[in-house]
Amino acid sequence: MHNNLVIVESPAKAKTIEKFLGEGYTVTSSMGHVRDLEKKDFGIDIEKNYLPKYVVTPDKKKIVSELKKMAKDAQVVWLASDEDREGEAIAWHLMEVLKLKPEHTKRIVFHEITKDAITNAIQNPRSIDQHLVNAQQARRVLDRIVGFEVSPVLWKKVKPSLSAGRVQSVAVRLIVEREREIRDFTSESAFRVIATFLVPDDKGNVTELKAELSKRFETRDEAAAFLEKCKTAEFSVSDVAKKPGKRSPAQPFTTSTLQQEASRKLGFSVSQTMSVAQRLYESGKITYMRTDSVNLSSLAINTSKKKIEELHGENYVKIRKFKTKSKGAQEAHEAIRPTYMDQETVDGTSQEQRLYELIWKRTIASQMADAIMERTTVTIDVSTASEKFIASGEVIVFDGFLRVYIESTDDEGQSNGNGQSIIPPLHAKDVLSMEKTIATERFSQRPARYTEASLVKRLEELGIGRPSTYAPTITTVQNRNYVVKEDRPGVEREYQVLELKGGKIKEQTKTEITGAEKSKLFPTDIGMVVTDFLVDNFSEIMDYNFTADVEKEFDDIADGKLVWNEMIDKFYKPFHEKVDDALENAERSKGERVLGVDPKTGKQVSVKIGRFGPLAQLGEASEEGGEKPQFSSLRSGQHIETITLEEALELFKLPRELGDFEGKKVSVSIGRFGPYVRHDNKFVSLGKEDDPYSVGLERAVELIEIKREKDKNAVVKVFSEDAELQILNGRWGPYIKYKKKNFKIPKSTKAEELSFEDCMKIVSAAPATKSTRSRKK
DNA sequence: CAGTGAGCGAGCTTCCGCTTGACTT
């Protein structure tokens with residue numbers, strides 16, 4: 001056979017497959033979808049039964065024209081996109097756009113990229129599954145309807161440029177609700193009691209045994225009373241129980257679990273993980289990184305087995321087949337695994353090496369034997385009290401997969417003082433000598449804030465989003481300023497400790513830091529207001545089960561049991577009514593909260609979302625001609641839901657007028673970049689040691705003069721030809737400033753020696769500045 | 001870069017999923 005054109009989705013895949021197919025086959029890639037709904041417009045003709053208006057995606061025009069050329073020269077075009085809803089649609093769009101004739105076109109699928117799998121696929125072609133394509137069209141149209149009908153409601157009722165969507169709005173809701181749970185959480189404390197016993201062995205060596213009391217005391221007095229009883233008590237073993245246990249390895253990596261583990265073990269952000277994985281994939285070191293499958297090919301299993309035998313011996317091997325449990329999984333690919341299991345490490349950046357190592361270990365461990373444990377529990381009676389102490393320990397009898405890999409957890413849990421690995425040999429009725437008993441006040445823990453990775457985990461559990469969209473979704477909600485990823489310092493908290501030792505009870509108050517956060521997701525004020533608005537007006541799409549429910553219908557469409565535009569119609573009619581209703585009747589939502597009354601002026605103090613973000617307002621807008629209210633932006637760290645009246649009143653103490661300097665006013669305030677002094681339309685930042693609420697004129701003038709001195713030194717060169725051209729000294733060395741724009745000076749040239757012409761050359765040679773749109777962050 | 005928050009109106013914003021570079025810092 002000659003002139004066969006095989007089209008897959010990714011170029012890296014194309015390269016590999018071309019090697020397997022050999023002569024007569026050209027393999028190329030479409031780079032994903034090539035067509036999409038028109039973007040300028042709604043893109044769907046509601047009147048014509050939801051007819052989608054497809055156009056070639058602008059950045060795919062070149063690819064499409066190349067594909068057209070290649071298809072023309074081919075006798076047979078093999079559409080080899082992924083075997084899922086999106087892949088089927090890609091094949092169908094290609095057929096439409098390239099105007100392929102059915103008799104010259106074949107649809108093939110394979111689940112692993114091996115020679116066998118591909119030749120097998122070539123021998124078993126099929127035609128395009130239109131039901132599956134329709135399921136994708138329904139998915140696409142539904143997302144467009146939700147996104148493009150709800151977003152404009154937000155523009156009108158909350159703030160321009162906002163966005164809403166089936167996935168992002170629910171992701172934000174999760175974070176908003178978690179934040180409120182945390183806000184409403186009241187922590188309770190209880191006294192946890194741990195005793196240390198001394199256990200001598202035959203040779204007279206003494207080991208410590210720690211045991212926790214089965215009961216926690218609610219108050220200090222109860223704990224103290226118990227310790228009092230312990231003073232005279234005899235401690236005896238009442239029971240020693242041994243129980244076998246086992247642990248099994250985790251499943252091979254999917255996109256979501258890889259993102260979680262890379263976050264926990266390597267501290268990678270979700271998008272960082274994906275870009276490192278992409279590089280490993282492109283250099284042929286791992287399989288495809290956007291997958292929801294936990295399946296391993298037989299080749300991977302066999303080579304893993306060989307490797308385990310070689311490294312650890314035959315008894316460490318246990319072949320396992322894993323089944324995907326997650327909702328809505330489509331399993332077009334394998335799990336994420338090393339391409340060659342015999343390669344334990346790879347070359348590359350340290351990030352690439354560490355991620356690869358993680359993938360290798362996880363894959364190998366998944367084919368290894370269970371770890372066998374023995375758990376020992378010792379119960380110790382207290383002669384003077386009914387409570388019992390429990391000591392438990394775990395011994396690994398056979399390490400199995402633990403030799404290679406242990407999955408981390410999200411628990412931030414307090415380190416627990418008991419639970420030790422080895423329990424000294426003990427028997428019932430043994431009497432123990434107690435060295436000390438400590439009662440420590442412990443606090444119940446509030447729910448944990450989401451990290452990027454734990455949010456992905458939650459979304460996957462809910463069946464919301466796909467492997468290819470987890471990272472972009474996390475980025476979107478942050479870009480839209482619904483959510484911020486931040487560190488927050490903890491606060492000090494006091495706790496009581498009572499210690500019984502040598503017959504005496506010692507009482508102490510200690511402090512600990514609690515609630516510190518690192519790289520956690522917090523909702524912004526606008527995120528909260530938008531979420532509330534959407535929940536109030538569009539409860540259906542904000543429901544955590546909405547996606548799962550429509551997925552069931554997409555499945556029915558794929559099975560031919562449901563007609564796609566009928567499904568859409570059933571959704572659209574009532575939904576669109578809600579949109580109209582909200583546009584007409586919903587109140588403008590600014591998240592306004594009245595904090596109270598200013599005791600000085602008697603005016604009302606409130607907070608709300610303004611045009612430029614959250615603000616505090618002093619006084620109410622009156623009907624006509626009245627006094628205008630005063631406004632002040634909230635500072636970073638202040639939030640509409642949590643700010644107090646006192647904090648809000650502080651805001652109105654700025655700007656402060658300090659007096660005159662050189663005949664011009666000097667004032668101090670706090671801006672986007674912190675506290676500053678303003679004089680003659682120039683700004684000078686306050687130092688760390690200066691307090692904007694108390695700083696005086698003298699200090700302000702000093703700062704102004706320091707700044708002037710600095711600015712003098714900043715100018716390297718000025719030109720008589722054009723006053724707007726300057727060479728200045730900046731943070732990163734000299735640069736050219738021309739008409740308020742900055743230009744880089746090439747490293748090879750000395751700034752002082754540049755002539756006017758040289759500078760203008762650099763200015764005109766600089767690339768035109770990007771439009772504000774593409775620069776949006 | 002450092003301050004904005006009246007009201008009008010034009011013109012714009014916006015979704016999810018499939019892919020890779022082309023960008024800047």
Side-chain angles (χ1 to χ4, degrees), chain A residues 8-14 29-37 39-44 57 59-60 63 81-82 84-91 93 136 139-156 159-169 275 278-279 281-282 288 290 330 332 464-473 476 480 541 547 590 608-617 621 624 628-633 654-655 667-678 681-686 732 740 744 767 770 772-777:
Chain A
V8 296
E9 288 182 43
S10 119
K13 208 166 163 182
S29 65
S30 74
M31 307 268 196
H33 275 294
V34 293
R35 273 206 313 189
D36 190 18
L37 296 175
K39 201 171 180 269
K40 284 181 291 198
D41 209 19
F42 194 58
I44 302 163
T57 318
D59 59 331
K60 297 290 166 58
I63 289 162
S81 43
D82 298 344
D84 59 10
R85 204 163 62 203
E86 299 297 328
E88 202 68 17
I90 289 174
H93 280 300
Q136 193 274 347
R139 198 280 302 157
R140 181 68 192 91
V141 165
L142 179 91
D143 282 336
R144 171 58 64 91
I145 289 172
V146 170
F148 276 37
E149 292 216 356
V150 177
S151 298
V153 179
L154 292 178
W155 304 342
K156 199 174 158 207
K159 220 177 100 157
S161 298
L162 295 174
S163 65
R166 175 176 58 82
V167 173
Q168 58 167 287
S169 297
S275 73
Q278 174 93 26
R279 289 204 297 275
Y281 167 67
E282 282 172 10
Y288 198 57
R290 290 187 274 264
Q330 308 207 2
I464 299 172
R466 305 277 314 127
S468 68
T469 60
Y470 294 136
T473 300
T476 303
R480 295 252 169 270
I541 59 162
T547 291
K590 294 174 182 161
K608 65 177 183 185
I609 300 267
R611 262 206 297 157
F612 310 104
L615 61 83
Q617 181 177 337
E624 244 170 75
K628 263 199 206 170
Q630 250 182 291
F631 298 101
S632 172
S633 293
L654 294 177
S667 64
V668 58
S669 190
I670 299 181
R672 259 211 297 161
F673 308 100
Y676 65 90
V677 175
R678 183 178 183 153
N681 265 335
K682 288 197 180 77
F683 300 86
V684 186
S685 290
L686 284 187
W732 298 287
K740 292 193 176 168
K744 247 193 255 173
K770 290 276 174 189
T772 45
R773 253 200 79 186
S774 59
R775 233 197 289 178
K776 211 191 299 184
K777 273 200 173 167

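All of these numbers come straight from a predicted model, not from anything done at the bench. In the text below, chain A, chain B and the rest are named by the order of the sequence lines, each starting its count at 1.
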**Complete:** Closest of B/dC15, B/dT13, B/dT20 to the A/Gln278 side chain is B/dT20
**Asked** With sugar-phosphate meaning primed atoms plus P, OP1 and OP2, does A/Tyr288 contact a base, only sugar-phosphate, or nothing at under 4.0 Å between heavy atoms?
**Response** sugar-phosphate
**Prompt:** When all nucleic acid strands are considered with a 4.0 Å heavy-atom cut-off, which category describes A/Gln168: base, sugar-phosphate, or nothing?
**Reply:** sugar-phosphate
**Message:** On a heavy-atom basis, which atom in A/Ser10 and which in A/Tyr281 lie closest, and how many Å separate them?
**Reply:** OG-OH, 2.8 Å
**Asked** If you look at every strand shown and take non-hydrogen atoms under 4.0 Å, does A/Pro11 touch a base, only sugar-phosphate, or nothing?
**Response** sugar-phosphate
**Complete:** Per atom distances to the A/Ser633 side chain, the nearest of B/dT14, B/dT4, B/dA2 is B/dT4
**Message:** What's the closest nucleotide to the side chain of A/Ser685 if the choices are B/dG5, B/dA2, B/dC18?
**Reply:** B/dA2
**Prompt:** Reckon A/Gly613 touches a base, only the sugar-phosphate, or nothing at all at heavy-atom distances under 4.0 Å?
**Reply:** base
**Request:** With heavy atoms under 4.0 Å as the rule, sort A/Gly32 into base, sugar-phosphate or nothing.
**Result:** base
**Item:** Side chain of A/Asp143 - closest among B/dT14, B/dC16, B/dT20
**Value:** B/dC16
**Message:** I want to verify a distance call: between B/dA2, B/dG17, B/dT14, whose nearest atom is closest to the A/His33 side chain?
**Reply:** B/dG17
**Request:** When you get a sec, tell me which of B/dG17, B/dG5, B/dC15 is the closest nucleotide to the side chain of A/Phe148?
**Result:** B/dC15
**Complete:** Heavy atoms of A/Ala164 and A/Ser151 approach each other most closely as N-OG, 3.1 Å
**Fill in**
Quick note, A/Arg480 side chain, CB onward, closest among B/dC16, B/dC15, B/dA2 is B/dC15
**Asked** Does the side chain of A/Arg678 reach to within under 4.5 Å of the side chain of A/Val668, using non-hydrogen atoms?
**Response** no
**Request:** On DNA chain B, check which nucleotide each of A/Ile609 and A/Lys13 is closest to and give me the residue with the more 5' one.
**Result:** A/Ile609
**Request:** May I ask you to say what A/Gly87 touches in the nucleic acid, namely base, sugar-phosphate or nothing, with a heavy-atom cut-off under 4.0 Å?
**Result:** nothing
**Message:** Regarding A/Arg466, tell me which of base, sugar-phosphate or nothing describes its non-hydrogen contacts under 4.0 Å with the strands shown.
**Reply:** sugar-phosphate
**Message:** Does B/dG17 have OP1 or OP2 under 4.0 Å away from a side-chain N or O of A/Arg166?
**Reply:** yes
**Request:** Between B/dC16, B/dA2, B/dT20, spot the one nearest the side chain of A/Glu282, thanks.
**Result:** B/dT20
**Request:** Pick base, sugar-phosphate or nothing for A/Val146, based on heavy-atom distances below 4.0 Å to the nucleic acid.
**Result:** nothing
**Prompt:** For A/His93 and B/dC16, what is the distance between atoms NE2 and C1' respectively, to the nearest whole Å?
**Reply:** 13 Å
**Request:** State which of B/dG3, B/dC15, B/dC18 makes the closest approach to the side chain of A/Lys60.
**Result:** B/dC18
**Prompt:** Under 4.0 Å between a side-chain N/O of A/Ser669 and OP1 or OP2 of B/dG3, yes or no?
**Reply:** no
**Message:** Classify A/Ala89 by what it touches in the nucleic acid, base, sugar-phosphate, or nothing, heavy-atom distance under 4.0 Å.
**Reply:** nothing
**Complete:** Nearest-nucleotide check on DNA chain B, A/Leu162 vs A/Thr473; residue mapping nearer the 5' end is A/Leu162
**Prompt:** Just by distance, do the side chain of A/Arg144 and the backbone of A/Phe42 share a donor-acceptor pair under 3.5 Å?
**Reply:** yes
**Complete:** Which of B/dT20, B/dC18, B/dT4 is nearest the side chain of A/Arg290? It is B/dT20
